[in-house]
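Quick notes on the structure that follows.
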Amino acid sequence: MPAEVTERIIAVLSRVPAGKAASYGTIAAYAGMPTGARQVVRVLHVYAESLGLPWHRVLRKNGAIALPPGGGFELQKALLQAEGIEVSRSGRVDLSRFGWSG
DNA sequence: GCCATGGCTAGTA
DNA sequence: GCCATGGCTAGTA
């Protein structure tokens, strides 16, 4: 039985639409935990696959892909681009253009 | 003690 | 590069 925080994070994650992305901190803030960015990381680790959460739409605060090359970077980049989000070669997204706001 | 963060500081170029 | 964050798991007692 997951903690309420976990369930709120799951709920927020499932609302991020295709074509938009949000930072770990933004997701946490919407879930009521402004300093809980790492909780978002944990939830994605545990539930992203089984619940089909849009893990690829979560980025660092500066819009960068957090995953390392060879560790999911390429896949995340491809998934973002496939839904119309522009990603620079280095894996950066302009959140002022593609950022999700509630 | 872990973590796909994030904010801040110190140290380099 | 350090360290607070915060829920969770592994590993010990």
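Just the heavy atoms: all of them, side chains too, but no hydrogens, waters or symmetry mates, feed the values below. Source: prediction; values computed, not measured. Letters go in sequence order (proteins before strands), and every chain restarts at 1.
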Where does the chain A footprint on DNA chain B start and end, counting 5' to 3' with a 4.0 Å heavy-atom cut-off?
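Going 5' to 3' along DNA chain B, contacts run B/dC3 to B/dG7.
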
What pairs with [X] under side-chain contact (heavy atoms from CB on, under 4.5 Å), at least two apart in sequence or on another chain?
X: A/F98; result: A/I85, A/E86, A/V93
X: A/S90; result: A/S88, A/R92
X: A/A29; result: none
X: A/P17; result: A/K20, A/W100

Just to be sure I understand the geometry, which residues of residues 55-65 of chain A put a non-hydrogen atom under 4.0 Å away from DNA chain B?
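Nucleic-acid contacts, sorted: A/W55, A/R60, A/K61.
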
Could you tell me whether the side chain of A/L13 reaches within less than 4.5 Å of the side chain of A/L51, counting heavy atoms only?
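A side-chain contact under 4.5 Å is absent here.
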
Where does DNA chain C form stems of at least three consecutive Watson-Crick or G-U wobble pairs, each pair having both distances below 3.5 Å?
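So the stems come out as B:1-3 with C:6-8, B:5-8 with C:1-4.
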
In residues 90-102 of chain A, what residues come within less than 4.0 Å of DNA chain C, judged by heavy atoms?
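Correct list: empty, so none.
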
May I ask you to list the residues of residues 33-42 of chain A, by number, that have any heavy atom positioned under 4.0 Å from an atom of DNA chain C?
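A/M33, A/T35, A/R38, A/Q39, A/R42 - these, ordered by number, are the residues of the stretch whose heavy atoms sit under 4.0 Å from the strand.
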
Counterpart residues, side-chain hydrogen bond (donor to acceptor under 3.5 Å, both in side chains), relative to A/S101 (two or more places apart)
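A/S101: no side-chain hydrogen bond (donor to acceptor under 3.5 Å, both in side chains) contacts found.
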
Listed pairs under 3.5 Å, donor-acceptor, residues 35-42 of chain A side chains, sequence neighbours left out:
unit_1, atom_1, unit_2, atom_2, d
A/R42, NH1, A/T6, OG1, 3.4
A/R42, NH2, A/T6, OG1, 3.4

Is it true that a side-chain atom of A/S14 and a backbone atom of A/I10 form a donor plus acceptor pair closer than 3.5 Å?
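Confirmed, A/S14 side chain pairs with A/I10 backbone.
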
For residues 70-84 of chain A, please give each side-chain donor-acceptor pair under 3.5 Å, one per line with the distance, not counting sequence neighbours.
unit_1, atom_1, unit_2, atom_2, d
A/E74, OE1, A/G70, N, 3.1
A/E74, OE2, A/G70, N, 3.4
A/Q76, NE2, A/H56, O, 3.0
A/Q76, NE2, A/V58, O, 3.1
A/K77, NZ, A/R89, O, 3.3
A/E83, OE1, A/H56, NE2, 3.2
A/E83, OE1, A/R57, NH1, 2.8
A/E83, OE2, A/G19, N, 3.1
A/E83, OE2, A/R57, NH1, 2.9

